[in-house]
Amino acid sequence: MADTAGTNGERKTFDIVGKPNIPGRLSFSIATGRAKFGTDVVVPNMLFAKFLRSPFGRARVKSLGISDAKALPGVVDIVTWEDPDIKAIPQIDLPLLIEEADMEDDEVAAVVVAESEEICDQALKLIKADWDVLPHILDPREGAKAGAPVLRANPKGTGNVQTTHISQGDVESGFKQADHIIEFGWTLSQLSSHLPNLSGGLAWWYEDPLGAEDPTLFVEGISPNWGGYLLRPMYKNIHGPESQSDPGIPPSFQMCVEQGRKAFNWQWHPAGARKRPDGRMHGLSFRYQMCTRHGTETYACTVTIQGDGKVYMPLKGPWCGVYSADACAMVVAEELGARIEDVILLYDPKAIFTPVGMGSDGTTASAWVAKEAAAACKKLLLDIAAPRFKAKPEDLDTRDSTVFLKSDPSKSLPFSEFPESGDHDKDIAATFTGRPPIAIWNIAQGRMLDTMNASFCEVAVDTETGLVEVIRYLVVCDPGKVLRPTSLESQIHQVMMFSDGAGLMEEFIYDKATGVKLHTNMHEYKKPTILDIGPCDTILVETRSGNAAYGASGISHAMATTQLIACAVANAIGKWIAPPLTPDRVLRALGKA
């Protein structure tokens, strides 16, 4: 669904959008550690709070003895799940504080408030908790068996697991026509990665002279430091772009596959049929996916040209490392005809514009709104400039932060000539509130296909040691329209690191008897570094068929998969191994361990 409803959605030429290596406004601060997050902020008379955490795989607190902890000097208060104020808080999803923990380290039953983190830790050790240790389940297949302990109420069925079977088309006929069939059992952890740091933030009440009469609650960032993402396998038989019964091939898919095959020099072979010159077995895999992450959020964006000739875009954080704000700045510069360095991001907690959604969603939707605001601001600028040129607004255009006469580009004036310097009432400002047109994904929930991507993987498997090496990755992606290629390519590399870690080394290991984790820190939990993964090449395809800015769609983490490496290893040795493909698992599959 191309951007036909918006201003200049089908723009043919771009001076800034899509150009590589335009520096991010926050990149240096984040990369060097100069950026400050919520947990870095210190305010006068600041207090600290920490939750009690469960030491068991699953348990319920029957009672708490908090008198010793509360008597510790420096402890201000201890809040428990039984406090009337806590029970009175409206429940949006789950209660703020409950007495039952689903897993080890779950926040449960009590919060200590004290003058320092160290005092919080001491007080937590002094809390006497009477625990009722409950049965736990580590494998959903065990939880589905008759007689398994029921962990929580299941409003959609009985027991712990609700089983869903979805079958479309003639499955048996498809099996009969298949060249290869692999049957395996497979489970997936909810998170693909370890959570290295706990969530944290800072909040305080203050008197806002420009705000409401009552005190205002100021929140200085919640810093979740996300360590994991859902990896959802979403395999679908390919079909035409219009419906599941469409026999055609989506143009986006065809372009991704054709360009990927050529760049990867794809030469498929049967499982176990090819050795590399060094004696290791050679394997290939391929995976396709639709780019399902389309922006749908509503935003309000203001773009202002001030007397210094700069373009200001007020927005509020968070500074969380995503490139949404940078992409929006590039779109604003494109639409206004401004130099990118003249577009100033004004971080202000009172700003309305927050160009952060999930993954690429926030970029595509917020950039579309920023585009409309910038186009409206340009129209006002040309209306104001027209009398100075003794021309009509349609006779003028903008470039490099100047307004010029189309018939004689040598006649030009900088943006700074038009607002009245020092008088903000004379700034040139426009605000746009809205969202992009509804995306195909939202209309048909995957039954119609537009932007797609394809991932390729090549591995070498040492059958003597069980070591798997990824020789290279290739991702061919159609995000509709590339807004900021430097960030998009980095996001692709990040996703392949997810796939590499989940496929080769990342694993949650629990004690079967207690349900307690046997790895608890970043030293024992293995994650890939930039030195561990194989080369990752990217090819960016642009069909302009997305719903957002200039036909952008976004990719987010739709390409992340634990199966890409597993399929390549199966092609190498003829054995299916559930990830992670550690050497011991490979050797066991080969009958050597």
Quick one: side chain to side chain contact (heavy atoms under 4.5 Å, CB included) partners of Ser487, sequence neighbours excluded? Tyr323, Arg484

Are Asp132 and Arg60 within salt-bridge range, i.e. N to O under 4.0 Å? yes

Any side-chain heavy atom of Ile119 within less than 4.5 Å of one from Phe48? no

Working note: Ser499 + Ile565, criterion side-chain contact (heavy atoms from CB on, under 4.5 Å); need CA distance, chi angles, decisive distance, verdict. CA-CA 8 Å; Ser499 303; Ile565 299 175; 5.6 Å; no

Other residues, nucleotides, ligands: >12 heavy atoms within 6.0 Å of Lys592 NZ: yes

Under the rule for side chain to side chain contact (heavy atoms under 4.5 Å, CB included), what residues qualify as partners of Phe51, not counting sequence neighbours? Leu97, Glu107, Val111

Once side chain to side chain contact (heavy atoms under 4.5 Å, CB included) is applied, do any residues pair with Ile533, and if so which ones, sequence neighbours excluded? Met497, Asp500, Pro528

For Ser67, all residues meeting side-chain hydrogen bond (donor to acceptor under 3.5 Å, both in side chains), sequence neighbours excluded: none

For the pair Leu52 and Leu64, evaluate side-chain contact (heavy atoms from CB on, under 4.5 Å) and give the outcome as yes or no after the intermediate values. CA-CA 11 Å; Leu52 179 68; Leu64 287 176; 4.0 Å; yes

Quick one, Met496 with Leu564, criterion side-chain contact (heavy atoms from CB on, under 4.5 Å). Give me CA distance, side-chain angles, the key distance, then yes/no. CA-CA 10 Å; Met496 300 321 291; Leu564 189 63; 3.6 Å; yes

Answer yes or no: is there an ion pair linking Lys125 with Asp121, defined by an N-O contact shorter than 4.0 Å? no

Are the side chain of Asp326 and the backbone N or O of Arg25 linked by a donor-acceptor pair below 3.5 Å? yes

If a pair satisfies ring pair (Phe, Tyr, Trp, His ring centres under 6.0 Å) and one of its residues is in residues 123-152, list it, with sequence neighbours excluded. Phe56-Trp131

Nearest atoms (heavy-atom pairs only) where Pro314 meets Ala351: C-CB, 3.9 Å

State which residues pass side-chain hydrogen bond (donor to acceptor under 3.5 Å, both in side chains) with Glu115; sequence neighbours excluded, sorted by chain then number. none

By side-chain hydrogen bond (donor to acceptor under 3.5 Å, both in side chains), which residues pair with Thr302, not counting sequence neighbours? Thr431

State which residues pass side chain to side chain contact (heavy atoms under 4.5 Å, CB included) with Ile352; sequence neighbours excluded, sorted by chain then number. Ala300

Could you pull out all residues at least two apart from Asp348 that satisfy side-chain hydrogen bond (donor to acceptor under 3.5 Å, both in side chains)? none

Over all heavy atoms of both residues, which pair between Val61 and Ala109 is shortest? Give the atoms and the distance, please. CG2-CB, 3.8 Å

Just do the salt bridge (charged side-chain N to carboxylate O under 4.0 Å, His left out) check on Arg53 and Glu104 with the steps written out, would you? CA-CA 7 Å; Arg53 294 182 179 273; Glu104 181 195 10; over 6 Å; no

Show your working on side-chain contact (heavy atoms from CB on, under 4.5 Å) between Asn547 and Ile438 and close with a plain yes or no. CA-CA 7 Å; Asn547 70 304; Ile438 294 294; over 6 Å; no

Residue list, salt bridge (Lys or Arg N to Asp or Glu O under 4.0 Å) with Glu507, at least two apart or on another chain: Arg585

Restricting to pairs with a member in residues 65-83, which pass salt bridge (Lys or Arg N to Asp or Glu O under 4.0 Å), not counting sequence neighbours? Asp68-Lys128, Lys70-Asp77

With ring pair (Phe, Tyr, Trp, His ring centres under 6.0 Å) as the rule and sequence neighbours excluded, what pairs involving residues 106-125 come up? none

Verify, without hydrogens or angle tests, whether Arg58 (side chain) and Leu151 (backbone) share a donor-acceptor contact under 3.5 angstrom. yes

Check whether any side-chain N or O of Asp511 sits under 3.5 Å from a backbone N or O of Ala513 as a donor-acceptor pair, and report yes or no. yes

How close do Tyr473 and Cys457 get, heavy atom to heavy atom, and via which atoms? CE2-SG, 3.9 Å

